[in-house]
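Naming convention: chains lettered A, B, ... in sequence-line order (proteins, then strands); numbering from 1 in each chain.
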Amino acid sequence: MIMTAPIDHSSFFSRAATEVARELIGCALLVDGVGGRIVETEAYAGDDPASHSFRGPTARNAAMFGAPAHAYVYRSYGIHWCLNFVCLPGSAVLIRALEPLAGLEVMAERRGTGNPRALCSGPGRLTQALAVDVSLDGAALSRPPFHLEAGSRPADIAVGPRIGITKAADVPWRFGLAGSPFLSRRM
DNA sequence: TAGACGATAGCCT
DNA sequence: GGCTATCGTCTAA
């Protein structure tokens, strides 16, 4: 088990995505008891051309315009799922990488690799390891299967530009635990 | 209704 | 380090 304190979901997520993204680093995320410590996030704002919410609500991004502290799950490149936490309406934080701590065996089986660094180091890998898919789109983060806990005060947080986008690519809204070997890429 | 493209991962060189 | 598979979603006609 991970020794951390509970968090107040509603107030924690009712803020700007950039702020939440930074503070999520070091927090523990478990889905059905499987997960670890968040080491990499990206913020997506409502007036952000790179955000799915930029062109307004659609069937796909509806969760982004719902209440804060809920999950927004979408399929990327027609292949894998990406997990986001909704903040203020129209904004969200993409969870990009975890340091695996709980349920290593389950994750290894789902991922088909025993290499701890390859289990959750990337948005698609993370959702596969935690068995996150569209059935959790819109689910409350305060209820099972989700479990979030505040971590110890973030150590060194590295900041950089977001990955894999073409619009607003220069905005430094990617946050990571400096020096962690579990990042999807070096900062 | 068709066409274009994307918040990637994994394999190959 | 570079290339490609693969398909849901959006946009335009």
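In terms of modelled atom types and a separation under 3.5 Å, the side chain of Ser184(A) and the main chain of Gly122(A) share no donor-acceptor contact. Between the side chain of Asp170(A) and the backbone N or O of Pro161(A) there is no donor-acceptor pair closer than 3.5 Å. Using modelled atom types, no side-chain atom of Arg125(A) and backbone atom of Ala129(A) make a donor-acceptor pair closer than 3.5 Å. Remark: the backbone N or O of Val86(A) is not paired with any side-chain donor or acceptor of His70(A) at under 3.5 angstrom. Asp137(A) places a side-chain N or O within donor-acceptor distance of the main-chain N or O of Val73(A), the cut-off being under 3.5 Å. Proximity of a side-chain donor or acceptor of Ser53(A) to a complementary backbone N or O of Gly90(A) within less than 3.5 Å is detected. Panel note: side chain Ser142(A), backbone His9(A); no donor-acceptor pair is recorded below 3.5 Å.
For the atom pair Leu141(A) CG and Leu83(A) CG, the distance stands at 7.5 Å (nearest 0.5 Å). Taking OH of Tyr74(A) as the reference point, atom CG of Asp133(A) lies at 14.5 Å (rounded to 0.5 Å). In this structure, CG in Leu94(A) is found 5.0 Å from CG in Asn84(A), a value given to the nearest 0.5 Å.
Contacts between chain A and DNA chain B, taken as any atom within less than 4.0 angstrom of a protein heavy atom, begin and end at dG6(B) to dG10(B). From the 5' end on, the contacts that DNA chain C makes with chain A at under 4.0 Å to a non-hydrogen atom open and close at dA5(C) to dT11(C).
For residues 46-68 of chain A, the set of pairs meeting the salt bridge (charged side-chain N to carboxylate O under 4.0 Å, His left out) definition, not counting sequence neighbours, comprises Asp48(A)-Arg162(A). Listed by first then second residue, pairs satisfying salt bridge (charged side-chain N to carboxylate O under 4.0 Å, His left out) with a partner in residues 6-18 of chain A read Arg15(A)-Glu19(A), Arg15(A)-Glu23(A), not counting sequence neighbours. The list of salt bridge (charged side-chain N to carboxylate O under 4.0 Å, His left out) pairs with a residue in residues 91-110 of chain A, not counting sequence neighbours, reads Arg37(A)-Glu99(A), Glu40(A)-Arg96(A), Glu42(A)-Arg96(A).
Of the residues in residues 164-174 of chain A, those with a non-hydrogen atom less than 4.0 angstrom from any atom of DNA chain B are Gly164(A), Ile165(A). The stretch residues 178-187 of chain A has no heavy atom under 4.0 Å from DNA chain B, so no residue of it qualifies as close. DNA chain C lies under 4.0 Å from at least one heavy atom of each of the following residues of residues 72-98 of chain A: Arg75(A), Tyr77(A), Gly78(A), Ile79(A). Near DNA chain B, meaning a heavy atom under 4.0 Å from it, residues 44-70 of chain A has Tyr44(A), Ala50(A), His52(A) in order of number.
Counting all heavy atoms, side chain and backbone alike, Ile165(A) lies closest to Ala50(A) at CD1-CB, 3.8 Å. Closest approach of Val39(A) to Ser180(A), counting heavy atoms only: CG1-OG, 3.9 Å. Residues Ser76(A) and Cys82(A) come closest through the heavy atom pair CB-SG, 4.0 Å.
Partners of Phe13(A) by ring pair (Phe, Tyr, Trp, His ring centres under 6.0 Å), not counting sequence neighbours, listed by chain and number: Phe85(A). Residues passing the ring pair (Phe, Tyr, Trp, His ring centres under 6.0 Å) test with Phe182(A), sequence neighbours excluded: none.
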**Message:** Show me the dot-bracket string of DNA chain C, counting Watson-Crick or G-U pairs under 3.5 Å, with | for pairs to another strand and [ ] for crossing ones.
**Reply:** |||||.||||||.
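Residues Tyr44(A) and His52(A) keep their aromatic ring centres 6.0 Å or farther apart.
Residues Leu177(A) and Ile157(A) form no side-chain contact, since every pair of their non-hydrogen atoms from C-beta on lies 4.5 Å or further apart.
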